[in-house]
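Some notes on the structure that comes next.
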Number of protein chains: 2
Amino acid sequence: MTDPRQTPMAQALREAGYKLTQPRLAVLQVLEENDAGLDPEAIYDRGKLIYPSLGLVTVYRTLDLLAELGLVRRVHSMHNCHNYASARTDRHYLICESCHRVIEFPCRGLEELMESVRQQTGYTINAHLLELSGLCPECQKRLAT
Amino acid sequence: MTDPRQTPMAQALREAGYKLTQPRLAVLQVLEENDAGLDPEAIYDRGKLIYPSLGLVTVYRTLDLLAELGLVRRVHSMHNCHNYASARTDRHYLICESCHRVIEFPCRGLEELMESVRQQTGYTINAHLLELSGLCPECQKRLAT
DNA sequence: CAACGTATTGAAAAAATATTTCAATACGTT
DNA sequence: AACGTATTGAAATATTTTTTCAATACGTTG
């Protein structure tokens, strides 16, 4: 029951000088209620339940805006690369190959690896995306029968 | 100067029961000559230099086919998620945020991390995609001026 | 090595996805 | 409460991908 205008994403938008319009708040709410795995069309459908006159164009525009501010990020997978999730700089996803559910997991232990890549290639490294895919426990059971 | 019909990808296609047609061989050759980072349109353009009557549809179809056989895989990045590269199961990409060049790097040290995720989530893990982004040495220089 | 049956092809059409344009509207400031 | 401007949705446009289908090339068989 938190005020939609007080969420971190809403705050960040306001601080960046953008208006907190109803369409934008609807998109934000959808993103917050569904941590990962919605594509623009799905966000649009759910957003319309919150703000019925929402337009698909605005969903695209809002996602672009949020992506530019680093608040949202695409979740990629073999099957789909148009899903968005509320995002920090670095992301770690675990994707079920059967039901395509996406969850996040804590990620530790990449620092060393990145340091060695840095040394070997001369690249600076600003962000990373680690995506693991396999089967979730439910699908393992379901497919075991 | 290797026989295009003897490359590992061509062999795998043949073994899976598919015909080694000229259009397919052209697509394979393009993929082999450009290790990462071409989208279907770019593959089409280059493929036509090899086999001029190549159709874009065939590029899509061949990529689907190769992806299904696990021979090719999309390279995802913040800006683009339609690039294909010849692929093993596990991939590690390093992407320059400025020139969008994609290189691969050897990846060691993920095993531990994956084992801990496996234990914490109950997921099985079959594949991984690790994408690092930053600036390549050239762009670092260029932007430093 | 010629002829055959079928998988594969390219072009065109259709579908899906994304972007641009623009007049009308809602935001937040004053 | 009224104003100026950023933002909106609809329509038009552009881009990307998939489907359909008759024509063709593959690789097998005789």
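Numbered from 1 within each chain, the chains take letters A, B, ... in sequence-line order.
The separation between A/Tyr44 atom OH and D/dT8 atom P is 14 Å, rounded to whole Å. Between B/Lys48 atom NZ and C/dA11 atom C1' there is a gap of 12 Å when expressed in whole angstrom units. D/dT19 atom P lies 13 Å from atom OH of B/Tyr60, rounded to whole Å. Between the CG atom of A/Leu56 and the P atom of D/dA11 there is a distance of 13 Å, rounded to whole Å.
Between A/Gln22 atom CD and A/Gln29 atom CD the span is 11.0 Å, to the nearest 0.5 Å. Note that the CD1 atom of B/Ile43 and the CG atom of B/Leu63 stand 4.5 Å from one another [nearest 0.5 Å].
With hydrogens and angles ignored, the 3.5 Å screen pairs no side-chain donor or acceptor of B/Arg24 with any backbone N or O of B/Thr62. Judged purely by atom type and a 3.5 angstrom limit, B/Thr124 uses its side chain to pair as donor or acceptor with the backbone of A/Leu135.
Here the shortest heavy-atom pairing between A/Pro23 and A/Leu54 reads CB-CD1, 3.8 Å.
Residues B/Leu113 and A/Leu130 meet the side-chain proximity criterion, which asks for heavy atoms closer than 4.5 Å.
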Using a 4.0 Å heavy-atom cut-off, write out nucleotides 20-30 of chain C from 5' to 3' as B (base contacted by protein), S (sugar-phosphate only) or - (no contact). BB-----BS--
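Taking a pair as Watson-Crick or G-U wobble with both distances under 3.5 Å, the runs of three or more consecutive pairs in DNA chain C are C:1-30 with D:1-30.
Partners of A/Arg118 according to the salt bridge (charged side-chain N to carboxylate O under 4.0 Å, His left out) rule, which considers only residues two or more places apart in sequence or in another chain, are A/Glu115.
Applying the 6.0 Å contact sphere to CD of B/Gln6 captures more than 12 heavy atoms from other residues, nucleotides or ligands.
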